[in-house]
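Read the structure below first, then the notes.
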Amino acid sequence: MKIMVIGGGGREHAIIKKLRQSPKITEIYALPGNGGIAQDAVCTGIGAKDIPEIVNFAKNNSIDFAVVAPDDPLVLGAVDELEKIGVPCFGPDKNAAVIEGSKVFSKDLMKKYGIPTAKYEVFTDMQKALAYLDTAPIPTVVKADGLALGKGVIIAATRDEAKGAVRSMMEDKVFGESGSQIVIEEFLEGPEVSVLTFTDGNTLVPMVSSMDHKRARDNDEGLNTGGMGTVAPNPYYTDEIAKECMEKIFLPTIKAMNAENRTFKGCLYFGLMLTKDGPKVIEYNCRFGDPETQVVLPLLESDLFEIMQAVRNGMLSETEVKFSSGSACCVIMASDGYPEKYEKGFEISLPSPEPAGTEIYVAGAKLEGGKLLTNGGRVLGVTAKSDDLKSAINKAYEAVKLVHFKNAFYRTDIGQRALKAFKKEV
Ligand code: AMP
Ligand code: GLY
């Protein structure tokens, strides 16, 4: 079967490498893909948001199945358009992708259906938002309603900072129309857990849990980034908490979406905070996380393509979804200066073959004259898996030493917080 995968980052590389293990798949196209993905799929250069071109490509190349991975095309309705011309897709339609596309929608959904989340207020009028901040509890969290390249969340430690965030979103429109409505919510505390799930709208199967490391520097210092590394499983996510999340959060969410006539099919990502009052939803994403996917999919033992087809066809309850009992660690190698200014165009040298039990997922790189050159902030992720977390971490860092490019920068403490949590448990 001929498959196309929309997207071109490390997450998509991980999806593509996993799909390649499926015996049913003969060809994989990436739209647009990247210089590293080109090793594993035919890269087309068609942008992930260019829905008319994506649809044309599917038609002209007799595509049998499409995986829409990033938030933008999902929220823009790529799945709706592809399904219209008869291409089955993995991913929610536009109606359901709103669970990520609008924070106001997701907060109102949780309130209406009693799903635990931070308390919040919605504002469309800047003066009212500013007045509210005169008395709101501090710290507080200001969120742009729409997609904002992962930057639309400001944790404000002071009233002035919160007001500045409101002004930049509503007056200066730094996130465009995404900031014309905002949410101001209660600041929650506790360990964070990412849980990606497969759901066909009736059955929901959680994948192995994971832990992201969002800050740029060691010890969780520096600016927020798209994610500098991940580990799976997340030690804070015990079986007991998993059960509670299933009962109070996961199943109520898919039922709520059904009740709203917005049945969600695809990967529903729960960003959770384990507060002293129990697990609460920080955010929903309508897609696989990046770089969570880079530790979750290597631990998947079942056929990803079969699962994706079952999700699309409402057959998930009859399909095996099995994860290994091991651990995985992904270290992101970025360009120095990320997430602010950085240089591009440096040659990347990769170990060939990859050391046993490790995978390199390329995110920001392009091929030029046969050379792989850096072309983004997050350049690639090095994932290693092993029987236990400690050896997965060591193995990942051993492999990192075999990757070279000028100005490479990475955190040296990915997984350390998780290791400490394991020790506390014992
Ligand atoms: P996002 O960009 O939506 O992934 O959110 C970025 C990060 O902001 C999350 O991973 C949390 O660490 C943090 N965050 C979001 N909402 C809250 C909240 N209500 N309380 C505390 N931290 C939050
Ligand atoms: N790693 C967080 C996200 O994908 O949104």
Side-chain angles (χ1 to χ4, degrees), residues 7 9-12 14-15 69-72 74-75 97 99-104 106-107 110-111 116-121 136-157 161-162 165 169 175 178-179 182-197 207 209-216 220 222-232 234 236 266-277 279-297 330 332 334 339 361 363 377-378 381 414 417:
R11 164 185 55 202
E12 287 75 15
I15 292 172
D71 45 2
D72 281 310
L74 289 166
V75 170
I99 199 165
E100 174 170 2
S102 166
K103 294 224 156 52
V104 174
S106 69
K107 295 298 292 189
M110 289 186 269
K111 188 189 255 179
T117 188
K119 292 194 198 84
Y120 71 102
E121 299 285 339
I138 294 293
T140 190
V141 184
V142 182
K143 298 185 172 183
D145 175 50
L147 298 180
L149 297 170
K151 292 180 187 147
V153 175
I154 308 287
I155 315 276
E161 203 184 323
M169 287 178 196
F175 305 121
S178 286
I182 61 161
V183 172
I184 300 183
E185 71 175 30
E186 175 196 11
F187 174 74
L188 298 178
E189 282 176 284
E192 276 188 64
V193 182
S194 305
V195 183
L196 281 56
T197 66
M207 300 180 222
S209 62
S210 54
M211 181 193 281
D212 198 358
H213 297 67
K214 284 199 195 292
R215 299 296 195 103
D220 293 324
L223 293 172
N224 249 324
T225 70
M228 292 300 291
T230 34
V231 293
N234 184 323
Y236 290 103
C267 172
L268 183 53
Y269 165 134
F270 296 84
L272 305 170
M273 197 166 269
L274 308 180
T275 74
K276 60 176 175 19
D277 302 320
K280 295 192 179 177
V281 177
I282 289 277
E283 60 165 351
Y284 291 117
N285 290 327
C286 65
R287 52 170 174 86
F288 284 98
D290 189 341
E292 284 88 344
T293 306
Q294 290 92 311
V295 284
V296 169
L297 288 187
C330 173
I332 298 293
Y361 300 122
R378 289 190 296 173
I414 300 302
R417 203 163 9 108

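Both ligands and their constituent atoms are indexed starting at 1 by order of listing.
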Any sub-3.5 Å donor-acceptor pair from His213's side-chain atoms to Gly229's backbone N or O?
yes
Return the closest protein heavy atom for atom 3 (O) of ligand 1 as residue, atom name and distance.
Glu283 OE1, 2.8 Å
Phe187 versus ligand 1: do any nitrogen or oxygen atoms come within less than 3.5 Å of each other?
no
Euclidean distance, Met207 CE relative to Thr293 OG1, rounded to 0.5 Å:
7.5 Å
Shortest protein contact, atom 2 (O) of ligand 1 (heavy atom only)
Gly150 O, 3.5 Å
Does Phe270 have any ring-ring contact (aromatic ring centres under 6.0 Å, His included) partners at least two apart in sequence or in another chain, and if so, which?
Phe250, Tyr284
Over all atoms of both residues, closest heavy-atom pair of Cys330 and Gln294:
SG-CB, 3.9 Å
Nearest heavy atom to atom 20 (N) of ligand 1 wins, so pick from Ile154, Ile184, Leu188.
Leu188
Indicate whether the side chain of Glu292 and that of Ser194 have a donor and an acceptor atom separated by less than 3.5 Å.
yes
Applying salt bridge (charged side-chain N to carboxylate O under 4.0 Å, His left out) to Asp145 and not counting sequence neighbours gives none
Would Glu185 count as being in polar contact with ligand 1, using the rule that some N or O on each side must be under 3.5 angstrom apart?
yes
List the atom of Gly10, the atom of Asp290, and the distance in Å for their closest heavy-atom pair.
N-OD2, 4.0 Å
Over all atoms of both residues, closest heavy-atom pair of Asp212 and Gly227:
OD1-CA, 3.6 Å
Under a 4.0 Å heavy-atom limit, does Ile282 contact ligand 1 with its side chain, its backbone, both, or neither?
side chain
Ligand 1 contact on Lys214 by region, counting heavy-atom pairs under 4.0 Å:
side chain
Protein contact to atom 5 (O) of ligand 1 [nearest heavy atom, distance to 0.1 Å]:
Val153 CG2, 3.8 Å
Sorted by chain and number, sequence neighbours left out, salt bridge (charged side-chain N to carboxylate O under 4.0 Å, His left out) with Lys111 holds for none
Exactly one of Lys103, Lys107, Lys119 clears salt bridge (Lys or Arg N to Asp or Glu O under 4.0 Å) with Glu185, and that residue is Lys107
With a 4.0 Å cut-off on heavy atoms, is Lys143 in contact with ligand 1?
yes
Are there any N/O pairs under 3.5 Å between ligand 2 and the protein, and if so, what are their distances?
unit_1	atom_1	unit_2	atom_2	d
ligand 2	1 (N)	Asp212	OD2	3.0
ligand 2	1 (N)	Asp290	O	3.0
ligand 2	1 (N)	Glu292	OE1	2.8
ligand 2	1 (N)	Glu292	OE2	3.2
ligand 2	4 (O)	Arg287	NH1	3.1
ligand 2	4 (O)	Asp290	N	3.0
ligand 2	5 (O)	Asn285	ND2	3.2
ligand 2	5 (O)	Arg287	NH2	2.9

Taking 4.0 Å as the limit for heavy-atom contacts, which would you say applies to Ile155 with ligand 1: side chain only, backbone only, both, or neither?
side chain
Quick check: closest heavy atoms across Pro291 and Ile332, and the distance to 0.1 Å?
CB-CD1, 3.9 Å
For atom 9 (C) of ligand 1, closest protein heavy-atom neighbour
Glu192 OE1, 3.6 Å
